[in-house]
Amino acid sequence: MTRIAYVPLGHRLAHMFEPLARQLVRLPPVRWLLTQVSRLGFSGKSLVISVPYVWLLLFFLVPFVIVLKISFAEQVVAQPPYTALLGWVDEKFLTLKLNIANYLFIVRDSLYWKAYLNSMKVAAISTLLCLLVGYPMAYGIARTSPAWRNVLLMLVILPFWTSFLLRVYAWIGILKNNGIINNILMSLGIIDSPIVMMQTPFAVYVGIVYSYLPFMVMPLYATLEKMDLTLLEAAYDLGCRPFKAFLRITLPLSIPGIVAGCMLVFIPAVGEFVIPELLGGPNTLMIGKVLWDEFFSNRAWPVASAVAIAILLLLVIPIMIFQHYQARDAEAGR
Amino acid sequence: MNQKRSWFLPACLIAGFAFLYVPILSLVIFSFNASKLVTVWGGFSAKWYAELLGNSQILDAAWLSVRIAAINASLAVVLGTMVALVLTRLGPFRGRALLSGMATAPLVMPEVITGLSMLLLFVSLEQWFGWPQGRGVTTIVIAHATFSLAYVAVIVQSRLTQLDESIEEAALDLGARPAKVFFVITLPIIAPALISGWLLAFTLSLDDLVIASFTSGPGSTTLPMVIFSKVRLGVSPEINALATILIAIVAIAVVVAGYFMKRQESMRQRDIQRAIAANQ
């Protein structure tokens, strides 16, 4: 799972460590060190720009170019298992061989189509469920007293710090045939034979909603907390019923939070691997799992690359929407 | 407001938090279960902890993961802070939009894609330049640092935009060099963001399965990779014991942070009281 630290989460954390940091920079050895480093006097600007720039170009952008390149290669039994695109003919002519067989393969084979559509469906439904569970929580937190608010937000963030893998693992113990839910239901005599929940789409939805819920709650909370409550008071004074006031005022004002939260859940959920693998079992067809199997089980690096490019094409619009909102938040200086 | 609303929100909150915490609690409770069947209670026992401590495969992997996470976090804080500084303080320059895009895209990139692209990069680099030779700790750290730095950059950037620039400007006007202004004035102020960024990068790396699986080589099996291979075969009480230890560490850290926060708050209150008293 891609674990997204959204800006409010960062703020919360920074706020948490503010006192610790103050104590730390006051320590004499730290002060001494900072002063010493500041005396070195390297000329900053070009260095500060070029180091992270080169790093990101080399380790973030170039890899995508290579994935694109290998998606046009042919699979061979060799190390590494793909052919080169550029070659020399008669040691005179440089030739470029583009092989679109991988793309034809993933377009023609219905397995990939099903995996794509199913990933989109699972991600969309999970996002909606996250919104339905997360919105009342965010709303509830935003409307409690400030002291409670901090405690509750801490409780939302806290699961982040325990392992994601282990939290997904916990659901196996809860959902399996001789797991906690079935044991309780059977000992109460409600059911005679266990309900099969593991290795079903239901388990995958539960896993995704559970793991991604904090990403939905944090941005929603951020927008709901900033809302001007006098608008609601004015609506009530004018005789508007609470539910209508919610639909006409609160909901439209929280749209930026809804969009940010939905993107933060939807985009990584499409490519999710761990949850469908552990909770969904072999019948769950999701594109992240298909890519993983192509790569690790079949050693089909070129096909895996073509699948990766196809996922990217699918996600380019949601990612752009996310970036747009992210940039707007950064400019607003939250 | 009407009656209906007043119970609806608390009920949602209670149900939501139960949903978040019941699975974690179940992990803890069943780690003390004497029975090997993880979900059938067979009496209290701490034997899985003893077995965990005797399992050198898990311990070695845990130590490797901690080392990778620490190097990654330190690297990510340096690079991420640079990105944040460039984007907030250095004004417009050519290629700024590209940098900002490259620094936010890793936040939402599906892990399988990041992992695959990183691996293919390392394989190609080895083919062309002979570096890195094989895959291991170095390649995992590079892959982790590349996505971790994006998180650090976001946090530090938001801290820098909140910071009053006039303090830095005053120091510059008084003749301090930019490097000195940064290390003596800016850095202490953004230190909380750096600490939270470091911790976040540390946990992200410690928790990552997918990217590490793509970029690791033989002999560099990280803790999530060991857990994953065990969990795939079914539930095992040792993993519950491991989870409980991790949860205990997090809980202790939160209590300590809470203590510092409270102390700071009471100090601030005292200072405010003093200031009021001095003005009278």
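Here is how names work: the chains are called A, B, and so on, in the same order as the sequence lines, proteins then strands, and each is numbered from 1.
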Task: Which of A:L57, A:L61, A:N182 touches chain B most, by non-hydrogen pairs under 4.5 Å - done: A:L57
Task: Which of B:T146, B:V86, B:L242 touches chain A most, by non-hydrogen pairs under 4.5 Å - done: B:T146
Open item on the list: Tell me which of these, A:V51, A:L155, A:V65, A:L291, has more heavy-atom pairs under 4.5 Å with chain B than the rest.
Closed with: A:L155
- [ ] Could you label the plane-to-plane angle of the B:F228 and A:F273 rings as parallel, tilted or perpendicular, counting under 30° as parallel and over 60° as perpendicular?
- [x] tilted
Task: Closest heavy-atom pair and its distance - A:F60, B:A105 - done: CZ-CB, 3.7 Å
Open item on the list: Using a 4.5 angstrom heavy-atom cutoff, name the option from B:F93, B:F182, B:F214 with the most pairs to chain A.
Closed with: B:F214
TODO: Return the orientation label for the A:Y139 and A:Y135 ring planes: parallel under 30°, perpendicular over 60°, tilted otherwise.
DONE: parallel
TODO: With sequence neighbours left out, write down each residue that passes side chain to side chain donor-acceptor pair (under 3.5 Å) with B:T114, or none if nothing qualifies.
DONE: none
- [ ] Determine, for B:R232 against A:E277, whether the closest basic-nitrogen to carboxylate-oxygen distance falls under 4.0 angstrom.
- [x] yes
TODO: Could you tell me which portion of A:V209 (side chain, backbone, both or neither) has an atom closer than 4.5 angstrom to a non-hydrogen atom of chain B?
DONE: both
Open item on the list: Counting only non-hydrogen atoms closer than 4.5 Å, does B:L87 touch chain A with its backbone (N, CA, C, O), its side chain (CB onward), both, or neither?
Closed with: neither
Task: Sidechain-backbone polar pair: A:R167 side chain, A:P159 backbone, donor-acceptor under 3.5 Å - done: yes
Task: Under 4.5 Å from a heavy atom of chain A, the part of B:L75 involved - done: side chain
TODO: Determine the option with the most heavy-atom pairs under 4.5 angstrom with chain A, choosing from B:G101, B:P23, B:A191.
DONE: B:P23
- [ ] Please flag which part of A:R241 lies under 4.5 Å from any non-hydrogen atom of chain B: side chain, backbone, both or neither.
- [x] neither
Task: chain B contact via A:L278 - side chain, backbone, both or neither, heavy atoms under 4.5 Å - done: side chain
Task: Side chain / backbone / both / neither for A:K69 at chain B, heavy atoms under 4.5 Å - done: side chain
TODO: Please look at A:I287 and chain B and tell me whether the side chain, the backbone, both or neither of the residue comes under 4.5 angstrom of a heavy atom of that chain.
DONE: neither
Task: For A:N183 against A:N178, the heavy-atom pair lying closest together - done: ND2-O, 3.4 Å
Open item on the list: What part of B:P188 gets within 4.5 angstrom of chain A, counting heavy atoms only: side chain, backbone, both, or neither?
Closed with: both
Open item on the list: Quick check on B:L187 against chain A: is it the side chain, the backbone, both or neither that has a heavy atom closer than 4.5 Å?
Closed with: side chain
Open item on the list: Heavy-atom cut-off 4.5 Å, strictly under: side chain, backbone, both or neither for A:F295 against chain B?
Closed with: side chain
TODO: Against chain A, label B:L194 side chain, backbone, both or neither, depending on which of its atoms sit under 4.5 Å from a heavy atom there.
DONE: neither
Open item on the list: If we define contacts as heavy-atom pairs under 4.5 Å, which of B:L246, B:T88, B:V123 has the most with chain A?
Closed with: B:V123
- [ ] Heavy atoms only, distances under 4.5 angstrom: which of A:L165, A:L315, A:I70 has the most pairs with chain B? Name it, please.
- [x] A:L165
Task: Toward chain B, the part of A:I267 with a non-hydrogen atom under 4.5 Å - done: both
Open item on the list: Heavy-atom cut-off 4.5 Å, strictly under: side chain, backbone, both or neither for A:L158 against chain B?
Closed with: both
- [ ] Take A:Y169 and B:N240 through the side-chain contact (heavy atoms from CB on, under 4.5 Å) test and state the conclusion after the steps.
- [x] CA-CA 9 Å; A:Y169 162 74; B:N240 284 50; 2.5 Å; yes
Open item on the list: Which heavy atom of B:M225 sits nearest to which heavy atom of B:S213, and what is that distance?
Closed with: CG-OG, 3.8 Å
Open item on the list: Taking side chain as everything from C-beta outward and backbone as N, CA, C, O, which of these in A:I309 sits under 4.5 Å from a heavy atom of chain B? Side chain, backbone, both or neither.
Closed with: neither
Task: Heavy-atom donor-acceptor pair, B:R159 side chain to B:V154 backbone, under 3.5 Å - done: no
Open item on the list: Determine whether a donor-acceptor pair (N or O, by modelled atom type, separation under 3.5 Å) exists between the side chain of B:T139 and the backbone of B:T215.
Closed with: yes
Open item on the list: When you compare the side chains of A:S71 and A:S305, does any donor N or O come within less than 3.5 Å of an acceptor on the partner?
Closed with: no
Open item on the list: Can you tell me which portion of B:Q127 sits under 4.5 Å from chain A's heavy atoms? Options are side chain, backbone, both or neither.
Closed with: side chain
Open item on the list: Heavy-atom pairs under 4.5 Å with chain A: which of B:V184, B:I247, B:L85, B:I142 has the most?
Closed with: B:I142
Open item on the list: Counting heavy-atom pairs closer than 4.5 Å to chain B, which one of A:V307, A:V270, A:V217, A:L312 comes out on top?
Closed with: A:L312
- [ ] Measure the acute angle between the ring planes of B:H144 and B:F147, then classify it against the limits of 30° and 60° as parallel, tilted or perpendicular.
- [x] perpendicular
Open item on the list: Need one label for B:I24: side chain, backbone, both or neither, based on atoms under 4.5 Å from any heavy atom in chain A.
Closed with: both
TODO: Considering non-hydrogen atoms only, spot the tightest contact between B:L223 and B:S65 and give its length.
DONE: N-OG, 2.8 Å
- [ ] Go through B:L209, B:T81, B:L90, B:I14 and name the one with the most non-hydrogen pairs under 4.5 angstrom from chain A.
- [x] B:L90
Task: Nearest heavy-atom neighbours spanning B:A150 and B:A103 - done: CB-O, 3.0 Å
